[in-house]
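Report on the following structure.
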Number of protein chains: 2
Amino acid sequence: MNTRCENCIIRQFNSLRAMSKEELKRVSDTKTTKTIKKGEAIFAEGEKLNGVFCVRDGVSKLSKLSANGKDQIVKLASKGEVMGQRSVIAEESSNLSAIAVSDMEVCFIPKEGIVDVLHQNPNFTVEVLRHMAHDLREADDVIVNMSQKTVKQRIAEAFLYLRDNFGEDADGYLSITLSREDIANVVGTATESCIRIISEFKKKKYIKTSGKKIGVQNEKALRDLVDGF
Amino acid sequence: MNTRCENCIIRQFNSLRAMSKEELKRVSDTKTTKTIKKGEAIFAEGEKLNGVFCVRDGVSKLSKLSANGKDQIVKLASKGEVMGQRSVIAEESSNLSAIAVSDMEVCFIPKEGIVDVLHQNPNFTVEVLRHMAHDLREADDVIVNMSQKTVKQRIAEAFLYLRDNFGEDADGYLSITLSREDIANVVGTATESCIRIISEFKKKKYIKTSGKKIGVQNEKALRDLVDGF
DNA sequence: AATCAAAACTGACTAATATCATATTTTGAG
DNA sequence: CTCAAAATATGATATTAGTCAGTTTTGATT
């Protein structure tokens with residue numbers, strides 16, 4: 001793969017932009033680019049990661065398997081996001097597994113390339129810290145939503161979230177396509193319950209569907225639902 | 001207040017231990033110590049924090065108010081923990097409010113004292129990063145528990161967690177005393193449901209109570225319950 | 001185009017949990 | 001010590017969401 005980090009626009013969206021030209025060149029020399037097919041795993045829960053993965057294209061779900069065999073999707077990572085940093089920084093094995101939700105292209109950066117810079121370039125470290133602080137806030141919000149909102153509210157919120165964070169296509173459908181099961185795993189409910197609520201929303205014209213694709217049709221209704229009427 | 005950070009043992013438990021003597025002295029010069037009564041607020045959700053709070057004694061609950069008026073407790077901070085760093089680092093107003101669960105003594109450290117060192121001492125920054133990585137992992141675990149475990153399992157787990165993290169007294173009661181309402185807010189359930197399950201656990205001799213105090217009596221039974229029998 | 005498995009969907013039933021009402025106990029202020 | 005308020009407790013009922021069983025649709029493959 002001939003693309004060099006120095007020339008990669010993606011890094012504008014993540015902490016790598018705080019690296020100096022020199023550091024970036026060194027990272028670029030050790031990185032490798034991989035193509036991953038939809039459904040394939042990038043890494044698994046419990047695995048020791050010896051590097052981080054920078055998403056160049058596509059979307060990956062970061063999930064955790066629970067005792068009863070269900071997956072809980074904790075985060076969706078798309079273009080520009082770095083996966084696995086938490087584990088590399090904490091020097092622990094991964095608490096999440098990453099599976100491609102669409103065909104992907106990711107760069108693997110060996111951890112030495114990251115850790116060395118962390119200890120030498122405070123700007124970079126602070127930038128990583130900021131990102132993690134942001135992730136932590138989001139996680140707090142998810143906790144509150146999980147415990148205080150109904151499944152219906154969480155599904156409504158998920159659609160708004162997906163639209164705001166991944167965009168929609170020309171016809172008004174969400175750019176990201178998830179199976180009903182994945183949606184259920186994002187909001188933490190049974191697949192059947194999720195499908196039932198999607199049907200209800202469709203009947204009420206809150207959303208429209210076309211195959212697996214889903215589009216927000218009545219933003220206000222969804223928002224009112226989330227906020228408790 | 002005459003206690004100096006350099007001599008404070010508490011800091012061994014948090015990221016401040018990665019500061020140099022010099023840095024610590026400077027921090028110490030700007031810090032103030034406050035006494036907070038049980039039930040009083042240290043800071044509120046939405047408030048701009050111009051510093052962080054280091055817990056010297058007592059316990060604080062970090063919670064988030066939801067639309068329906070219920071509090072979700074996201075974390076319990078005790079001796080050695082630093083509160084408010086996330087907000088200071090992300091330069092956002094606080095996403096959580098902090099209320100004392102017992103009488104407390106906390107040190108307030110103005111943010112300049114922290115931010116300056118963050119940009120100058122990579123060891124300190126990495127240490128803070130490690131802590132935040134740990135908090136993030138815990139948050140992920142909480143998300144999964146919330147969505148995949150029953151209220152009964154979450155309550156059982158909460159008691160084990162409280163014992164492991166805050167210890168128990170000579171008579172085998174948890175060192176930390178929370179109201180039933182607070183326990184309900186930790187596990188994300190209605191107070192009545194929480195009380196009912198506590199009664200059930202007591203009847204089954206999984207726990208013992210004495211006033212508000214709760215003690216683990218049958219660890220194995222609780223653990224089995226958490227793990228799904 | 002026919003086939004087949006996976007995904008999406010629907011209905012009936014059950015289990016878990018919230019809500020509302022009310023009783024009882026504990027606690028802290030004066 | 002007394003009393004009111006707050007916390008704890010319990011019962012009845014309603015609501016939400018999960019489970020199981022089955023049907024239909026979709027899409028990939030030959």
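In what follows, every heavy atom counts, from backbone to side chain, and hydrogens, waters and symmetry copies are set aside. Order of the sequence lines sets the chain letters (A, B, ...), proteins ahead of strands, with each chain counted from 1. Just so it is clear, the structure is predicted and the values come from calculations on it, not from any experiment.
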Enumerate the residues from residues 168-179 of chain A whose closest heavy atom to DNA chain D is under 4.0 Å, giving them by residue number; use none for an empty result.
none

For B/Arg56, give me all partners under salt bridge (Lys or Arg N to Asp or Glu O under 4.0 Å), at least two apart in sequence or on another chain.
B/Glu105

Taking only residues two or more places apart in sequence, or in another chain, which ones meet B/Phe43 in a ring-ring contact (aromatic ring centres under 6.0 Å, His included)?
B/Phe53

Without decimals, in angstroms, what is the distance between [X] [atom1] and [N] [atom2]?
X: B/Lys152; N: C/dA16; atom1: NZ; atom2: P; value: 7 Å
X: A/Lys202; N: C/dA8; atom1: NZ; atom2: P; value: 12 Å
X: A/Ile197; N: C/dC9; atom1: CD1; atom2: C1'; value: 14 Å
X: B/Lys149; N: C/dA16; atom1: NZ; atom2: P; value: 16 Å

Span of DNA chain D, from the first to the last nucleotide whose atoms fall under 4.0 Å of chain B heavy atoms
D/dA7 to D/dA12

Check this for me, if you would: do [X] and [Y] make a salt bridge, where the nitrogen-to-carboxylate-oxygen distance has to be below 4.0 angstrom?
X: A/Asp182; Y: A/Lys61; value: yes
X: B/Lys213; Y: B/Asp171; value: no
X: B/Lys75; Y: B/Asp135; value: yes

Which pair of non-hydrogen atoms, one from [X] and one from [Y], has the smallest distance, and what is that distance?
X: B/Lys37; Y: B/Ala100; answer: O-CB, 3.7 Å
X: A/Leu49; Y: A/Lys111; answer: O-NZ, 4.1 Å
X: A/Ser28; Y: A/Cys5; answer: OG-N, 3.0 Å

Assign a letter to each nucleotide of nucleotides 18-30 of chain C from its 5' end: B, base within under 4.0 Å of a protein heavy atom; S, sugar-phosphate only; -, no contact.
BBB----------

Using five base pairs at each end to define the local axes, how bent is the helix from C/dA1-D/dT30 to C/dG30-D/dC1, to the nearest 10°?
50°

Would you indicate whether the side-chain heavy atoms of [Y] and [X] approach each other to under 4.5 Å?
X: A/Leu76; Y: A/Leu178; answer: yes
X: A/Lys34; Y: A/Glu40; answer: no
X: A/Ile109; Y: A/Leu16; answer: yes
X: A/Asn14; Y: A/Cys54; answer: yes

Mind checking whether B/Tyr206 and B/Phe201 have parallel, tilted or perpendicular rings, split at 30° and 60°?
tilted

